[in-house]
Structures are given as structure tokens and as C-alpha cells.
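Reviewing the structure listed below.
Read the numbers this way: they start at 1 and go in the same order the structure lists the ligands and their atoms.
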Amino acid sequence: MGARLDSLAAIEAALWRELAAAPRDRTHPWRTPVLATTDGEFGDARTVVLRGIDAEARTLLLYTDARSPKATQIAAHPLGTLVLWSPALSWQLRLRVRLELQADGLAASSHWAKLKLAPGAQDYLSALPPGSALDSAIGARGERAHFALVEAAVQSVDWLELHAEGHRRARFDAAGARWLQP
Ligand SMILES: Cc1cc2nc3c(=O)[nH]c(=O)nc-3n(C[C@H](O)[C@H](O)[C@H](O)COP(=O)(O)O)c2cc1C
């Protein structure tokens, strides 16, 4: 990106445009955010792939195994954070999100229908749940899929720009847009 954007409205529009481009661009660093959740005691975090985005509705889409620890955490504690960093933009986003796991239903089955013949389908076909102890390096394939969608509804965006002439930070949420001390 060339000149620095100077208005909050322009920054907000640009960050949603970038987010919308990320799922379709395998080289985009925002395609692999870190998703932070909690089990009520410990914070937990892991890399995920951003599979889709609805910029108007302010929702992001992820895939996971419905038996995974993160799925259990989301069911009990649906508020989480997605962290994204782009070295090219020098922008970090921290998205506070309300997470919803969808293992059944039309949306989950239509995504699974598209995915099930692709190599990535095996991620949802293990016999044992993610995190189970194994006797060898590779676990067995199971009989059925445990695919789930995770819908992340963005409640607020914390935007940070690193820059030699001064870092800038802003928050975008239901209360509007404002600058913050970085
Ligand atoms: C680049 C990368 C992308 C990943 N994408 C996903 C993903 O889209 N969904 C997912 O459930 N796990 C994904 N993982 C694996 C998770 O980081 C994590 O190891 C696994 O889901 C178990 O997490 P949990 O124990 O917190 O449930 C990815 C890992 C890496 C390194």
C-alpha cells in the first residue's frame, strides 16, 4: 500500500477489503490468523485458516473438527479473539469475536459437500479426536466426518499500524471509530 490512509473511515474500509481478499489468496498473511479462546481457566490459541468472509455482515468463517478442544471451549465460552499480522501492510488486527460452532445444518453440510472430495477432507476424518494420544505418529482414519463450521461475528476491530513516522492505532465497534494511543 502507498500513502498512509488518513481517515478512520478509509482505514476501516481498507481493512475490510483486505480481509475479504485473504480467504482467496493463499499468500495473504491474513489467511492464517491466530484464534484465541479460553477454557475458563487458561487462555488457548492456535493458527487457523480463514475460509470465508462476509464483510457486510462482519462475519468470518473457519473450519474445524467438531471434537477438537477449541470446539468445546467455544461451546462454553463463545467470546474469542482473532489476531492477524500483515508485514506488507504493517497492520495488526485484533478482532473480538462471538464464535458459533455449526456441526449440523445446511451451511455446514454445503461446505462439507464441497470439501469432502478434496485432500483437506482428511483433517476431519480421523478416528480419534484432535489431541488424543497415539501409539504411532499417524492416527487411523475413521468411518465418518466430524466437520464443523465456526462462524465468528466481529464485535470490535483493534487496528494497529507500525510506521517509522509514528505508530497509529484505532478501534472500530458498535460505538463508532476512534483513535487510540498505540
Ligand atoms: C497453518 C495452519 C493452519 C491451520 N488451520 C486450521 C484450521 O483451519 N482449523 C483447525 O481446526 N485447525 C487448524 N490448524 C491446526 C490448529 O492450529 C490446531 O493445532 C488444531 O486445530 C488443534 O487445536 P485445539 O486443540 O485448540 O482444538 C492449523 C494449523 C496451522 C499450522
(message) I'd like to check whether Val49 has a polar contact with ligand 1, where a contact means an N/O of the residue lying under 3.5 Å from an N/O of the ligand.
(response) yes
(request) Return a yes/no value: protein heavy atom under 4.0 Å from atom 19 (O) of ligand 1? (result) no
(message) Quick check with a 6.0 Å cut-off and a 45 degree axis cone: is Arg58 positioned over the face of Trp16's six-membered ring?
(response) yes
(request) Tell me which protein heavy atom sits closest to atom 10 (C) of ligand 1, plus the residue, atom name and distance to 0.1 Å. (result) Tyr63 O, 3.6 Å
(request) Would you indicate which of Val34, Thr72, Thr47 comes nearest to atom 30 (C) of ligand 1 when only heavy atoms are counted? (result) Thr47
(message) At less than 4.0 angstrom from any non-hydrogen atom of Ser68, what atoms of ligand 1 do you find?
(response) 27 (O)
(message) For the CG atom of Leu84 and the CG atom of Leu15, what is their distance to the nearest 0.5 Å?
(response) 10.0 Å
(request) Can you tell me which residue pairs pass the side chain to side chain donor-acceptor pair (under 3.5 Å) test with a partner in residues 107-127, sequence neighbours excluded? (result) Tyr63-His111, Arg67-Ser126
(request) Using distance alone, determine whether Arg46 and ligand 1 share an N or O pair under 3.5 Å. (result) yes
(message) For residues 157-182, which residue pairs pass the ring-ring contact (aromatic ring centres under 6.0 Å, His included) check, not counting sequence neighbours?
(response) Trp91-Trp159
(message) For a 4.5 angstrom cut-off between non-hydrogen side-chain atoms, does Glu18 reach His28?
(response) yes
(message) Test of understanding: given a 4.0 Å heavy-atom threshold, classify the contact between Pro130 and ligand 1 as side chain, backbone, both, or neither.
(response) neither
(request) Have a look at Lys70 and tell me which of Asp44, Thr64, Thr37 forms a side-chain hydrogen bond (donor to acceptor under 3.5 Å, both in side chains) with it. (result) Thr64
(message) Which residue and atom name correspond to the protein heavy atom nearest atom 21 (O) of ligand 1, and how close is it?
(response) Lys70 NZ, 2.6 Å
(request) Note the single closest protein heavy atom to atom 11 (O) of ligand 1, along with its residue, its atom name and the distance in Å. (result) Thr64 OG1, 2.6 Å
(request) Kindly work out whether a path of hydrophobic side-chain contacts (I/L/V/M/F/W/Y, heavy atoms less than 4.5 Å apart) joins Val97 to Val49. (result) no
